Amino acid sequence: MRMSELFSKTLREAPTGADCKGYEYLLRAGYIQQLAAGLFDLLPLGFKSIHKIEAIVRDEMERIGAQEVLMPLVNPADIWKETGRFYSIDKEMSRFVDRNERDMVLAMTHEEAATDMGRAQIESYKRLPRLIFQIQTKWRDDPRPRAGLIRVREFTMKDSYSFDKDQEGLEKVYKNHYDAYFRIFGRCGLPVIAVGSDSGMMGGKVAHEYMYLSPIGEDTIINCPACGYTANRQVATFSKTYYPAEPKAKELVATPEAKTIEELCAFLNIKPEQTAKALFMVGTFINDQNGEEEDKLIVGLVRGDMDVEESKLQNAARANSLRPAHVEEIQAAGMEPGFGSPIGCKKGTIVIVDDSAAKSSNLVAGSNKAGFHYLNTNYGVDYDGQVADIASAADGYLCPVCHKPLRASKGVEVGNIFQLGTRYSEAMNCYFQDETGVRKPVIMGSYGIGIGRLLACLAEQYNDEGGLKLPVSVAPYQVHLVSLVKDAATSERIYEELQAAGIEVLYDDRAESAGVKFADADIIGIPIRLTLGNRCLKEGKIECRLRTSGQTSNLELEGLVSEIRALIESLMPRA
RNA sequence: CGGGUAGUAGCGCAGGGGCUAGCGCACUUGGUUCGGGACCAAGGGGUCGGAGGUUCAAAUCCUCUCUGCCCGACCA
């Protein structure tokens with residue numbers, strides 16, 4: 001590609017709002033351009049990189065036996081009604097009616113469409129297992145897109161769907177994905193870790209997320225440096241200490257102005273672990289069959305030295321969604337914010353008690369009368385409720401496996417794998433006959449990688465003051481040829497030779513000063529820069545500089561192609 | 001959806017009732033320069049986000065509204 005003909009241009013200054021480096025450079029280097037909130041154009045350079053990533057993904061997916069398909073972005077609402085997700089998913093899924101008044105949706109994922117394909121194609125165990133994948137557009141009307149390509153509304157995703165006759169088969173294909181994903185990210189050059197995760201709206205039990213650890217991430221990952229235990233904070237467990245004792249009778253005590261645990265502890269001169277903390281949420285419960293919604297107040301109770309993890313609370317309560325409760329709602333259920341506890345709450349309130357509180361005795365808890373707390377409250381005596389782990393793991397807490405301190409870090413989710421089981425196949429009647437003639441639901445899995453987000457993470461991982469420096473496996477071109485000589489004949493010849501040899505070259509043939517060309521080369525960040533200058537040329541040489549290391553050497557023009565080939569090979573990230 | 005912040009040239013910004021709306025970069029033309037964002041000269045480019053209002057006069061004041069970004073809520 002000649003830079004004199006390149007569609008995009010570089011920007012000297014970062015557009016306002018480019019808050020992280022990777023995003024800033026993708027904009028400034030002319031890889032992407034914003035169209036609206038969460039909507040981005042891929043310019044030629046960015047699209048080249050995306051194609052490279054997709055090629056790696058295809059290669060690795062086909063290697064584990066996946067067959068590429070393409071499902072429509074627009075789905076009839078019917079199949080989403082079959083699984084209930086038409087009702088359970090809120091405004092994040094966009095809906096419309098076609099000219100015949102038929103309900104349609106823009107697919108935010110393709111479990112329904114894939115299951116529909118499966119039920120048409122699979123009737124016997126002889127046609128199992130099967131694995132399909134696609135690289136396709138998703139639309140998710142996220143309320144708050146941010147950080148460039150990290151969180152967008154329209155994006156490209158590689159999603160695969162597995163069909164198996166038994167759990168053993170599912171586990172095998174799951175493991176294949178687990179490994180393939182590491183090869184994919186490895187070949188792209190992105191360091192990731194796999195963490196145990198919440199299955200969220202996907203349903204199913206076993207799930208992993210692939211996290212790129214970075215401060216720009218929105219997920220919190222809990223990790224044990226000692227034994228390697230790693231999980232998303234949404235599901236991370238930790239080792240809790242309990243404080244059981246002989247239960248005493250509860251006792252009302254005036255605690256004016258002591259609304260928080262801190263104030264309470266200071267007032268009563270006690271420690272946080274001697275108290276119980278209540279969090280009030282309103283959960284929405286949706287009938288999957290008809291879409292009818294019901295709101296219920298949920299009280300989450302943890303010991304005062306911990307916090308409630310809302311994802312855990314939502315799962316324990318089996319709520320479809322959670323939001324903080326309004327003061328009036330809390331009071332309507334017979335409780336008082338700031339002095340709240342499940343003691344004496346109205347029937348119909350869902351009470352979830354963390355085991356930390358349930359297994360500790362004589363805690364100070366709210367009395368539900370403003371200005372008063374109870375001393376010596378005990379689970380099973382003063383209040384009841386479902387006991388579950390709803391406490392949030394945090395930095396310094398103890399590992400559930402080896403009891404050493406845990407560490408918390410931020411990460412971006414670039415991929416996920418789910419064992420779906422039969423949630424979709426049962427709901428959508430995707431059954432097969434086994435060897436004995438018994439009809440069984442197909443066992444499914446689903447597996448995703450956000451392609452654009454992967455590029456965003458790579459841009460974040462690979463940049464310096466000068467701009468981008470993507471690995472050669474995903475950079476838009478392999479070689480950036482900069483001509484500084486007046487007579488273009490030699491550089492033209494080199495350009496032709498490299499291209500003829502199948503090397504991908506961005507050729508700066510513009511009439512710009514050396515400084516401008518170098519600055520553009522730096523920001524675009526092609527891994528190998530070849531500079532043809534008058535000095536070198538006289539000796540029959542060309543300067544070769546590596547973007548990442550800055551390492552510079554002069555190569556003979558004679559045999560340049562094979563030299564560059566070898567160099568590209570040596571720079572290629574390994575899985 | 002709440003809180004904050006900003007919309008003036010392609011990008012970054014200044015101007016805050018008054019005459020022709022400005023600066024840097026980018027762009028065009030001519031000349032000089034030519035290995036790290038060159039220099040000189042001459043140019044082109046604007047519904048000041050939109051609508052309504054106040055006023056002799058609005059980019060500027062008022063009302064409404066749209067959009068972007070940040071924090072939160074939300075999120076595979």
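Keep in mind it's a predicted model, so treat the numbers as computed, not measured. Letters go in sequence order (proteins before strands), and every chain restarts at 1.
Put simply, the residue from A:Tyr447, A:Tyr210, A:Tyr174 that forms a ring pair (Phe, Tyr, Trp, His ring centres under 6.0 Å) with A:Tyr181 is A:Tyr210. A side-chain contact (heavy atoms from CB on, under 4.5 Å) with A:Cys536 is found for exactly one of A:Asn554, A:Leu555, A:Ile542, A:Leu557, namely A:Asn554.
Listed for the A:Gln134 side chain is a donor-acceptor partner under 3.5 Å among the backbone atoms of A:Met71. Not a single donor-acceptor pair under 3.5 Å links the side chain of A:Arg153 to the backbone N or O of A:Leu39.
If you take CZ of A:Arg535 and C1' of B:G36, they are 12 Å apart, rounded to a whole angstrom. Look at CG on A:Leu27: it is 13 Å from C1' on B:C69, rounded to the nearest Å. For the pair A:Leu532 CG and B:G36 C1', the computed distance is 17 Å after rounding to whole Å. A straight line from CD of A:Gln314 to C1' of B:C74 spans 11 Å, rounded to a whole angstrom. One interatomic measurement links the two molecules: CZ of A:Arg146 to P of B:G68, which rounds to 16 Å at whole-angstrom precision. Atom-to-atom, CG of A:Asp508 to P of B:G36 comes out at 15 Å; the value is rounded to the nearest Å.
In this structure, of B:G37, B:G36, B:A76, it is B:G37 that holds the atom nearest to the side chain of A:Val516. Candidate nucleotides B:A73, B:G37, B:C75 were compared by shortest atom distance to the side chain of A:Thr10, and B:G37 ranks first. Ranking B:G35, B:C70, B:G37 by closeness to the A:Arg144 side chain, first place goes to B:C70. Candidate nucleotides B:A38, B:G35, B:C74 were compared by shortest atom distance to the side chain of A:Ala514, and B:G35 ranks first. With B:G35, B:C34, B:C71 as the choices, the nucleotide that has an atom nearest any side-chain atom of A:Glu543 turns out to be B:G35. Of the listed nucleotides (B:G68, B:C13, B:A38), B:A38 has the atom at the smallest distance from the side chain of A:Ser513.
A:Ser214 and A:Lys410 are not linked by any side-chain donor-acceptor pair at a separation below 3.5 angstrom, with hydrogens and angles left out of the test.
Salt bridge present: A:Asp464 and A:Arg547 bring a charged side-chain N and a carboxylate O closer than 4.0 Å. Between A:Glu111 and A:Arg423, no side-chain nitrogen of the basic residue sits less than 4.0 Å from a carboxylate oxygen of the acidic one, so the salt-bridge criterion is not met. A salt bridge is absent between A:Arg183 and A:Asp179: the closest approach of a Lys/Arg side-chain nitrogen to an acidic carboxylate oxygen does not fall below 4.0 angstrom. Between A:Glu68 and A:Lys158, none of the side-chain N atoms (NZ, or NE/NH1/NH2) sits under 4.0 Å from a carboxylate O, so this pair counts as no salt bridge.
Across B:A42 and B:C56, the matching C1' atoms stand 40 Å from one another, rounded to whole Å. Atom C1' of B:G12 sits at a distance of 24 Å from the matching atom of B:G50, rounded to the whole Å. The separation of B:G7 from B:U65, taken at their C1' atoms, amounts to 14 Å, rounded to a whole angstrom. The P atoms of B:C13 and B:G53 are separated by 33 Å, rounded to the nearest whole Å.
Residues from residues 477-484 of chain A that place a heavy atom under 4.0 Å from any atom of RNA chain B, listed by number: A:Leu484. Residues of residues 148-163 of chain A having a heavy atom closer than 4.0 Å to RNA chain B, listed by number: A:Arg151, A:Phe155, A:Met157.
Of the two residues contacting RNA chain B, namely A:Lys138 and A:Gly38, the nearest-nucleotide position lying further toward the 5' end is that of A:Gly38. Nearest-nucleotide positions on RNA chain B for A:Asp520 and A:Tyr23 put A:Asp520 closer to the 5' end.
As judged by a 4.0 angstrom heavy-atom cut-off over every strand, A:Gly533 is placed among the base-contacting residues. If you check every strand for non-hydrogen atoms under 4.0 Å, A:Glu310 touches sugar and phosphate atoms only. Using a 4.0 Å heavy-atom criterion, one finds that A:Ala511 contacts no nucleic acid atom at all. Base engagement by A:Pro143 is indicated by at least one non-hydrogen atom pair under 4.0 Å involving a base atom.
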Restricting to nitrogen or oxygen on both sides, can you table the protein-nucleotides 23-33 of chain B pairs closer than 3.5 Å?
from: B:G24; atom 1: N2; to: A:Glu13; atom 2: OE1; distance (Å): 3.1
from: B:A26; atom 1: OP1; to: A:Arg12; atom 2: NH2; distance (Å): 3.1

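Looking at A:Asn534, its side chain has no donor and acceptor atom pair within 3.5 Å of the base of B:G35. A donor-acceptor contact under 3.5 Å is formed by the side chain of A:Arg529 with the base of B:G36.
A:Phe47 CZ: 12 or fewer foreign heavy atoms inside a 6.0 Å radius. For A:Gln551, the CD atom is loosely surrounded, since the number of other residues' heavy atoms within 6.0 Å does not exceed 12.
You'll find the side chain of A:Leu458 reaches within 4.5 Å of the side chain of A:Ile53, heavy atoms only.
Using a 4.0 Å cut-off, some side-chain N or O of A:Gln34 falls inside it from OP1 or OP2 of B:C69. Taking only side-chain nitrogens and oxygens, A:Thr109 never comes nearer than 4.0 Å to OP1 or OP2 of B:A76.
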(message) Dot-bracket for RNA chain B, please. Rules: Watson-Crick or G-U, both distances under 3.5 Å, ( ) within the strand, [ ] when a pair crosses earlier ones, | for another strand, . otherwise.
(response) ((((((((.[[[[.)..(...]]]].((((((.....)))))).....[[[[[..)....]]]]])))))))....
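Residues satisfying the salt bridge (charged side-chain N to carboxylate O under 4.0 Å, His left out) test with A:Lys517, not counting sequence neighbours, are none. With sequence neighbours left out, A:Asp508 forms a side-chain hydrogen bond (donor to acceptor under 3.5 Å, both in side chains) with A:Arg510.
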(message) What verdict does the salt bridge (charged side-chain N to carboxylate O under 4.0 Å, His left out) test give for A:Lys277 and A:Asp307, after you've listed the backbone C-alpha separation in whole Å, the side-chain angles of each residue and the deciding distance to 0.1 Å?
(response) CA-CA 8 Å; A:Lys277 187 194 299 189; A:Asp307 284 309; 2.8 Å; yes
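Ring centroids of A:Tyr31 and A:Tyr25 are separated by 6.0 Å or more, keeping the two rings apart.
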